[in-house]
Amino acid sequence: EHLLTIINDLLDHSQMEAGRLQVVKEPFNLPETIHSSFQLLKRRAETKPLHYTLNIDASVPEWVMGDGHRLTQILVNLLGNAIKFTERGEIELRCSAETTSSADPAMALIHLEVRDTGMGIPADRQHRVFQNFSQVDHTIASRFGGNGLGLSITHGLVRAMGGDIHFTSQVGQGSYFFVDLPCELTQAPAPRLPVDELTQSAQ
C-alpha cells in the first residue's frame, strides 16, 4: 500500500509538472462518492481512539458533472493526513453546497471541510504545506512516513477542477482544511442496457 501510494503520487506529480494532469467531466453521484471516500479510511481511523464522523448537509445535490475519482483522491489525501497526525480526539468530514439555479447550466459550489484535533501546524511553517516534496518538520518522514507530495497533489487537483483549497491550523489544537469546488448540476445517467438486450434491439 505504501509503495503504491508513492508510485501514484510520483505519477500525478510528473503529470502536473508536464501540464498533462487528466481531469474528466462526467456525471457522478456526489453524496455516494463522499460517503465511499470516508468509508475507505474508516478502518485506519478505528486503529486509534478517534471519533470519526461524516456530515453531509441536505443542501448537497445528488448528481453533478465532474471527476468523481479525483474528488475521492482529494478526500482520501486530506482524511489520511488527518488520521496520520491525530493520535486521539476527533476527525470530521463535512459537506454542504450553494446552488445557483439562475445560471445556465445550473451550478453548485460544493464546500468540503476536513477537521481534526491533531498536532497542528506551526504558523512559521504553514507556507510550506502545499509545496512539492516538502514536509512541515524534517522529522515528519521518520516519525509518520510519507513523501511530501500528498498535499501538493491535492492542491493541484483542486485547482485543476476549478476549485480552491485553504486551511487554518493551531499547534496542539488541530487543523481545518477547506475545499470549494464548482460543479454543474445534472441528472442521473440513463441505465445501460445489458449486452444481450442491445443485441436483440439491434436485430
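Every value quoted in this text rests on a predicted model; they were computed, and no experiment measured them.
Residue Val24 is not grouped with residue Leu71 when hydrophobic side chains (ILVMFWY) are merged at heavy-atom distances under 4.5 angstrom, including chains of intermediate members. The cluster map of Ile, Leu, Val, Met, Phe, Trp and Tyr, joined by side-chain heavy atoms under 4.5 Å apart, puts Leu151 and Val171 in different clusters. Met107 and Val23 fall into different hydrophobic clusters, where Ile, Leu, Val, Met, Phe, Trp and Tyr side chains are chained together by heavy-atom contacts under 4.5 Å.
Side chain of Ser175 to main chain of Ser169: no donor-acceptor pair is present (N/O by atom type, distance under 3.5 Å, no hydrogens or angles).
Checked against salt bridge (Lys or Arg N to Asp or Glu O under 4.0 Å), Glu32 has no partners two or more places apart in sequence or in another chain. The salt bridge (Lys or Arg N to Asp or Glu O under 4.0 Å) test applied to Glu92 returns Arg94, Arg115, not counting sequence neighbours. Applying the ring-ring contact (aromatic ring centres under 6.0 Å, His included) criterion to Phe167, with sequence neighbours excluded, gives Phe130, Phe177.
Between the CG atom in Asn77 and the OG atom in Ser152 there is a gap of 10.5 Å [rounded to 0.5 Å]. One distance of note links CG of Leu30 with OG1 of Thr186; it measures 12.5 Å at 0.5 Å rounding. Note that CD1 of Ile91 is 4.5 Å distant from OG1 of Thr86, once rounded to the nearest 0.5 Å. Separating the OG1 atom in Thr72 from the CZ atom in Phe38 is a distance of 14.0 Å, to the nearest 0.5 Å. If you take OG1 on Thr100 and CG on Leu109, they are separated by 8.0 Å, rounding to the nearest 0.5 Å. The CD1 atom of Ile110 lies 7.0 Å from the CD1 atom of Ile34; values are rounded to the nearest 0.5 Å.
Counting only heavy atoms from C-beta outward, the side chains of Glu184 and Lys25 approach each other to under 4.5 Å. Between Lys42 and Tyr52, the closest side-chain pair of non-hydrogen atoms falls below 4.5 Å. Under the 4.5 Å side-chain criterion, counting only non-hydrogen atoms from C-beta, Asn81 is not in contact with Val114. Between Leu78 and Val179 the shortest side-chain heavy-atom distance falls below 4.5 Å. Contact check for Leu41 versus Arg44: side-chain heavy atoms found under the 4.5 Å cut-off. The shortest side-chain heavy-atom distance between Thr117 and Gln173 does not fall under the 4.5 Å cut-off. Between Met161 and Ile74, the closest side-chain pair of non-hydrogen atoms falls below 4.5 Å.
A salt bridge (Lys or Arg N to Asp or Glu O under 4.0 Å) check over residues 162-180, counting only residues at least two apart or in different chains, returns the pairs Arg159-Asp164.
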Considering only distance and modelled atom types, tabulate donor-acceptor pairs under 3.5 Å from the side chains of residues 59-66, sequence neighbours left out.
{"from": "Ser59", "atom 1": "OG", "to": "Asp57", "atom 2": "OD2", "distance (Å)": "2.7"}
{"from": "Ser59", "atom 1": "OG", "to": "Ala97", "atom 2": "N", "distance (Å)": "3.1"}
{"from": "Ser59", "atom 1": "OG", "to": "Ala97", "atom 2": "O", "distance (Å)": "3.3"}
{"from": "Glu62", "atom 1": "OE2", "to": "Asn29", "atom 2": "ND2", "distance (Å)": "3.4"}

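Within a 6.0 Å sphere centred on CD of Gln39, heavy atoms belonging to other residues, nucleotides or ligands number more than 12. Enclosure of atom NE2 in His111 by more than 12 non-hydrogen atoms of other residues, nucleotides or ligands within 6.0 angstrom is indicated.
Here Phe178 sits in one hydrophobic cluster together with Tyr176; the rule is ILVMFWY side chains under 4.5 Å apart, joined directly or through other members.
Among the candidates Thr33, Thr154, Leu112, the single residue satisfying the side-chain contact (heavy atoms from CB on, under 4.5 Å) test with Leu75 is Leu112.
Of all non-hydrogen atoms in Pro31 and Ile56, the two that sit nearest each other are O-CD1, 3.8 Å.
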